[in-house]
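For reference, the structure is listed below as structure tokens.
Just so you know, ligand 1 is whichever comes first in the structure, and atom 1 is the first atom listed for that ligand. Scope of the values below: all heavy atoms of this structure, side chains included, with no hydrogens, waters or symmetry mates.
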Amino acid sequence: MKPVTVTRPFLPPLEEFVEELRGIWERGWLTNHGPCHDEFENALAEYLGVQHLSLTCNGMIALQVGLHALRITGEVITTPYSFPATTHALHWNNCTPVFCDVKPDTANLDPSKVESLITPKTTAILPVHVYGTPCDVAALQRIADTHGLKLIYDAAHAFGVRVGETSVLNFGDLAILSLHATKVFTTAEGGALVTNDPMLQERAGHLKNFGFADEVTIVGPGTNGKMNELQAALGLVQLRHVDGAIAKRRKIATLYRERLSGLRGIGLLPEIEEVTSNFAYMPIFVDETYPLSRDELYDSLRSRGYFGRRYFYPLISEFPMYRDLPSAANLPVATRLSRGVICLPIYPGLGADDVERICEILRSTND
Ligand code: T4K
């Protein structure tokens, strides 16, 4: 049996991509704001329902550029329950991460624990919409407004997620997306920075291009964060197919939920009524009432060819470069979730028979 991995990229019909490549070959224009880049940037903003979007070569660079564009310094309150990129971006921007615990139901930053961490050095809050589940955006905005802090969302997982009629990317001062191969919508590597502030978009646009404002004017110590034409061409083609891909994910997630809800010792994320999900991940949280430990279940699935992943274990606050920070010490909810999580395989091409088999393994162990 071919191993079933946690995800596989959705890829469009090859001929459609080849057609876009033909244009690139003819033009001989490979990067630096080519026609595919500009067309994709506009099309993506329109698809997502956001005002100002700037494409980048990946999500981590989008975050670094965004933090720099907002001139974030000092301490930033953030979540330990994420991919390393979230905190590493702070580190690369010379900011000090201050870890805050998460909510037990969503694994997102817990607003009720943020205010006690604010000091005179705090300049911003950096939450993550983990697994694409929106944070408590209203509560976090209230805290940011009260204390004069910037609010930057790591929305790497949240492509296409909506709260009511609004894209989740419209909240905060800025949000970043990842378009990596493992994401719901991919350009192989890729990212985007989203904001409602045209000045901020302009500054970020300069910073991702070495700081160039024009041929001879450098307005900041920029980096090279541009998306190239091949990535953008793939993005243009992907956009035609992404709705179908998300619909397939929805079916798989629904089947998982039908089979797993109520299973003793296995927790699922909540379904939130006003949220349009993208079904990016299928995390389960194994607790002590399940007959196997998380790692025993993880290994048992692997031995049968099902390669889930423990996103996000260990916590970022447990990494050697962060574990001595005072804020790394008291994160009981994040620690519990991290010790219990397995993200089960979910991607558009995953067969219902595989989902049934995975759920059968989970249930039979529980009998
Ligand atoms: N913020 C957050 C909250 C994030 O989760 C991420 C990235 C970022 C920021 C940074 O965004 P980027 O700079 O990456 O755009 C993966 C991804 O590399 C990473 O993008 C992602 N989060 C993270 C959650 O997952 P790994 O190390 O687990 O990936 P890897 O290579 O082990 O792939 C997992 C599985 O996916 C493989 O077993 C098979 C499948 N796969 C993977 C690739 C790369 C494919 O089928 N094809 C592929 O091309 O980190």
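- Although no hydrogens or angles enter the test, the distance criterion places no donor-acceptor pair under 3.5 Å between the side chain of Gln51 and the main chain of Thr195.
- Considering backbone and side-chain N/O of Gly59, one or more are found under 3.5 Å from N/O of ligand 1.
- The protein non-hydrogen atom at the shortest distance from atom 44 (C) of ligand 1 is His180 CE1, 3.8 Å.
- Classification of Glu19 and Arg240 as a salt-bridged pair fails, no side-chain N sitting under 4.0 Å from a carboxylate O.
- Side-chain atoms of Asn228 and Lys226 form no donor-acceptor pair, as typed in the model, at a separation below 3.5 Å.
- One option in Arg8, Arg310, Met60 has a heavy atom closer to atom 13 (O) of ligand 1 than any other, and that option is Met60.
- Residue, atom and distance of the protein heavy atom nearest to atom 49 (O) of ligand 1 are Ala181 CB, 3.5 Å.
- Geometrically, ligand 1 and Lys183 share a nitrogen or oxygen pair separated by less than 3.5 Å.
- Under a 4.0 Å criterion applied to the non-hydrogen atoms of Thr86, ligand 1 contributes the atoms 1 (N), 3 (C).
- Interface atoms of ligand 1 facing Asn58, defined by a heavy-atom separation under 4.0 Å, are 13 (O), 15 (O).
- For the residue pair Glu115 / His147, a side-chain donor-acceptor distance below 3.5 Å is found, with atom types taken as modelled.
- The contact set between ligand 1 and Gly190, taken as ligand atoms under 4.0 Å from a residue heavy atom, comprises 15 (O).
- The nearest protein atom to atom 28 (O) of ligand 1, hydrogens excluded, is given as Tyr311 OH, 2.4 Å; this is a heavy-atom distance.
- Contact detail for Val168 and Pro134: the closest heavy-atom pair is CG2-CB, 3.8 Å.
- For atom 22 (N) of ligand 1, the nearest protein heavy atom is under 4.0 Å away.
- One finds a salt bridge joining Glu318 and Arg339 here, because a Lys/Arg side-chain nitrogen approaches an Asp/Glu carboxylate oxygen to under 4.0 Å.
- Given atom 40 (C) of ligand 1, the protein heavy atom at minimum distance is Thr7 O, 3.2 Å.
- Shortest contact from atom 45 (C) of ligand 1 to any protein heavy atom: Pro9 CD, 3.5 Å.
- Scanning all protein heavy atoms for the shortest distance to atom 1 (N) of ligand 1 gives Asp154 OD2, 2.7 Å.
- Thr289 and Asp287 are linked by a side-chain donor-acceptor pair at a separation below 3.5 angstrom, with hydrogens and angles left out of the test.
- Close approach of ligand 1 to Ser82 is summarised as follows: ligand atoms under 4.0 Å from at least one heavy atom of the residue are 3 (C).
- Considering only non-hydrogen protein atoms, atom 32 (O) of ligand 1 sits nearest to Arg309 NH1, 2.8 Å.
- Not one N or O of Thr5 is nearer than 3.5 Å to an N or O of ligand 1, by distance alone.
- Residue Tyr281 has no N or O atom closer than 3.5 Å to an N or O atom of ligand 1.
- Between the side chain of Arg294 and the backbone N or O of Val341 there is at least one donor-acceptor pair closer than 3.5 Å.
- No side-chain donor from either of Asn170 and Ser167 sits under 3.5 Å from a side-chain acceptor of the other.
- The neighbour count for Arg257 CZ, taken as heavy atoms of other residues, nucleotides or ligands under 6.0 Å away, is above 12.
- In this structure, a donor-acceptor pair under 3.5 Å is absent between the side chains of Thr223 and Gln64.
- In terms of protein heavy-atom proximity, atom 6 (C) of ligand 1 is closest to Phe83 CD2, 3.4 Å.
- Because its NZ or CZ atom is not both nearer than 6.0 Å to the ring centre of Tyr306 and within 45° of the ring axis, Arg357 does not count as a cation-pi partner of that residue.
- Near Ala85, with a cut-off below 4.0 Å to any heavy atom, the atoms of ligand 1 are 8 (C), 9 (C), 10 (C).
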